[in-house]
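Counting starts at 1 for both ligands and their atoms, in listed order. Positions are given from 1, in the same order as the sequence printed here. Computed from a prediction, not measured in an experiment: that's the story for all the values here. Note: hydrogens, waters and symmetry copies are ignored here, and every other heavy atom, side chains too, is used.
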Amino acid sequence: MDISEITDKMVRGESASDKEIAALLTAEGEDRETIFAAAREVRDRVFGKKTYLSGFMYFSTYCRNDCTFCYFRKSNSIDRYRKSTEEVVHLAQMIADAGINIVDLTMGEDPMLINNNYQGLVDIVDAIREVNDIPIMVSPGAVPHETFGRFAEAGADIVAVYQETYNRELYAQRRIGQDFDFRRNQKVWAMDAGMLAEDGMMVGIGETVEDRVDTIRNMLALDCDQARAMTFVPQEGTPMQDSGTVSTVNELLCMAVMRLMKHDIMIPATLDVEGVAGMRSRLDAGASLITSIIPPNEDLAGVAQSCMDIEDGTRSVTHVIELLEDMGRRPATTDECRRMFDERKRRLVQSRLSFT
Ligand code: SAM
Ligand code: MD0
Ligand code: SF4
């Protein structure tokens with residue numbers, strides 16, 4: 001199959017068949033560069049040189065779940081922490097002051113916050129919103145339907161809940177005991193409440209190429225404004241610690257394919273898989289924002305790389321901006337990011353109104 005024929009038509013906005021997408025996802029050698037170049041062309045047409053920056057704050061690492069891939073699963077005996085509301089608000093302000101455009105408030109499914117009906121998180125969003133207009137992402141895991149209205153009212157802009165895979169059997173093996181449809185619906189409920197949503201896939205958790213095609217199609221069919229791919233990083237003390245993983249080029253190809261399939265979607269270049277060393281290749285695969293920027297010396301953890309590049313400050317915003325500018329790209333301002341979010345939210349509300 002001729003790869004450039006497929007990418008050329010996708011750059012023009014035409015669709016591709018499952019077989020063609022599978023061919024892109026398994027491309028080798030020079031063909032890969034053709035795919036990444038096409039993804040960059042589309043990304044630059046939509047976003048120009050602007051790159052959005054997202055600060056990551058894993059504010060509670062307690063979790064009731066036992067996802068087999070996750071370091072923070074409840075059965076893993078590790079040190080955990082839970083930041084107080086005051087600390088979280090203070091750290092969010094620090095992130096905003098550093099010129100980061102988005103703050104991602106992430107938690108494990110922490111029984112303490114759940115028993116309090118997520119009021120702790122609502123209060124945090126409220127408190128940040130009182131002093132700052134910075135776009136806020138919440139990543140609370142799977143939450144009850146009624147919670148979304150409260151997040152939206154407090155001022156959250158986007159909800160991240162990753163399905164990991166749309167292969168139901170594989171999902172059941174990885175996200176043990178968690179309802180597939182309830183998790184899928186999180187994205188729909190977030191958008192119904194007027195917030196944006198992010199879906200995500202993991203690469204290297206035992207899926208086939210056909211599963212990847214199907215997962216990408218399902219994620220894009222939900223019409224979220226943001227979607228990601230992350231390579232599985234094996235975690236000590238978990239059932240998958242020795243399962244091995246795949247090369248990160250598979251993640252890059254998934255990102256590029258998503259970019260070609262939906263030109264204006266936000267796709268993160270995460271620093272959480274290969275640290276800062278992996279930033280350039282992800283931007284070169286068509287990413288439009290950098291996520292998992294973490295302030296040093298605040299005892300904050302990452303997820304897939306719980307400590308890589310954090311304490312020495314290489315995952316900090318200053319370092320990230322230097323690397324970005326080296327690539328001829330520029331960080332977005334927080335005002336630009338706010339306008340982009342508001343515009344996307346307006347579009348979302350309009351498209352949902354026209355369905356009713
Ligand atoms: N607890 C919430 C949840 O599960 O939705 C939010 C945080 S969770 C730690 C965020 C995401 O990190 C997961 O959905 C998964 O995609 C990713 N992740 C977790 N462990 C990982 C690993 N070992 N390798 C790569 N990604 C991982
Ligand atoms: C990241 N470590 O962006 C974060 C996390 C949760 N919304 C995101 C997986 O890679
Ligand atoms: Fe908990 Fe999220 Fe980790 Fe699953 S991925 S164990 S829900 S923190």
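In this structure, Arg329 does not pair ionically with Glu325, as no charged nitrogen and carboxylate oxygen lie closer than 4.0 Å. In this structure, Asp342 pairs ionically with Arg338, as a charged nitrogen and a carboxylate oxygen lie closer than 4.0 Å. A salt bridge does not link Asp299 to Lys83: none of the charged side-chain nitrogens sits closer than 4.0 Å to a carboxylate oxygen. No salt bridge links Asp126 with Arg150; every basic N to acidic carboxylate O contact stays at or beyond 4.0 Å. For Arg347 and Asp264, the salt-bridge test passes: some basic side-chain N is under 4.0 Å from an acidic carboxylate O. Of the charged side-chain nitrogens involved, at least one lies within less than 4.0 Å of a carboxylate oxygen, so that Asp223 and Lys262 count as a salt-bridged pair. With salt bridges taken as basic N to acidic carboxylate O contacts below 4.0 Å, one links Glu20 and Lys9. Salt bridge annotation for Glu41-Arg259: absent, with no cationic side-chain nitrogen under 4.0 angstrom from a carboxylate oxygen. The pair Glu164-Arg175 counts as a salt bridge, with a side-chain nitrogen and a carboxylate oxygen less than 4.0 angstrom apart.
Annotation: cation-pi pair Lys50/Tyr52 absent, no NZ/CZ under 6.0 Å from the ring centroid and within 45° of its normal.
Neighbouring protein atoms of atom 3 (Fe) of ligand 3 (N, O or S, distance under 2.8 Å, waters ignored): Cys70 SG.
Under a 3.5 Å cut-off, the side chain of Glu274 and the backbone N or O of Leu271 do not form any donor-acceptor pair.
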One pair per line, please: each N/O atom of ligand 1 matched with every protein N/O atom under 3.5 Å away, atom names first, then the distance to 0.1 Å.
| residue | atom | partner | partner atom | Å |
| --- | --- | --- | --- | --- |
| ligand 1 | 1 (N) | Met107 | O | 3.0 |
| ligand 1 | 4 (O) | Arg175 | NH2 | 2.9 |
| ligand 1 | 5 (O) | Arg183 | NH2 | 2.8 |
| ligand 1 | 14 (O) | Glu164 | OE2 | 2.6 |
| ligand 1 | 14 (O) | Arg175 | NH2 | 3.3 |
| ligand 1 | 16 (O) | Glu164 | OE1 | 2.7 |
| ligand 1 | 16 (O) | Glu164 | OE2 | 3.3 |
| ligand 1 | 23 (N) | Phe69 | O | 3.0 |
| ligand 1 | 23 (N) | Val233 | O | 2.9 |
| ligand 1 | 23 (N) | Gln235 | NE2 | 3.3 |
| ligand 1 | 24 (N) | Val233 | N | 3.0 |

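Near ligand 2, Phe56, Asp104, Thr106, Met137, Ser139, Ala160, Tyr162, Arg228, Met230, Thr270, Asp272, Thr291, Ser292, Val303 each place a heavy atom less than 4.0 angstrom from the ligand.
Here the two rings, on Tyr166 and Phe180, have centers that are under 6.0 Å apart.
Scanning for salt bridge (charged side-chain N to carboxylate O under 4.0 Å, His left out) contacts around Asp199 gives Lys187, with sequence neighbours left out.
By the criterion of a heavy-atom distance under 4.0 Å, the side chain of Tyr58, and not its backbone, is placed next to ligand 3.
Here the heavy atom of the protein found nearest to atom 5 (S) of ligand 3 is Arg175 NH2, 3.5 Å.
Side-chain contact between Leu196 and Asp157 is absent, with no heavy atoms from C-beta onward closer than 4.5 Å.
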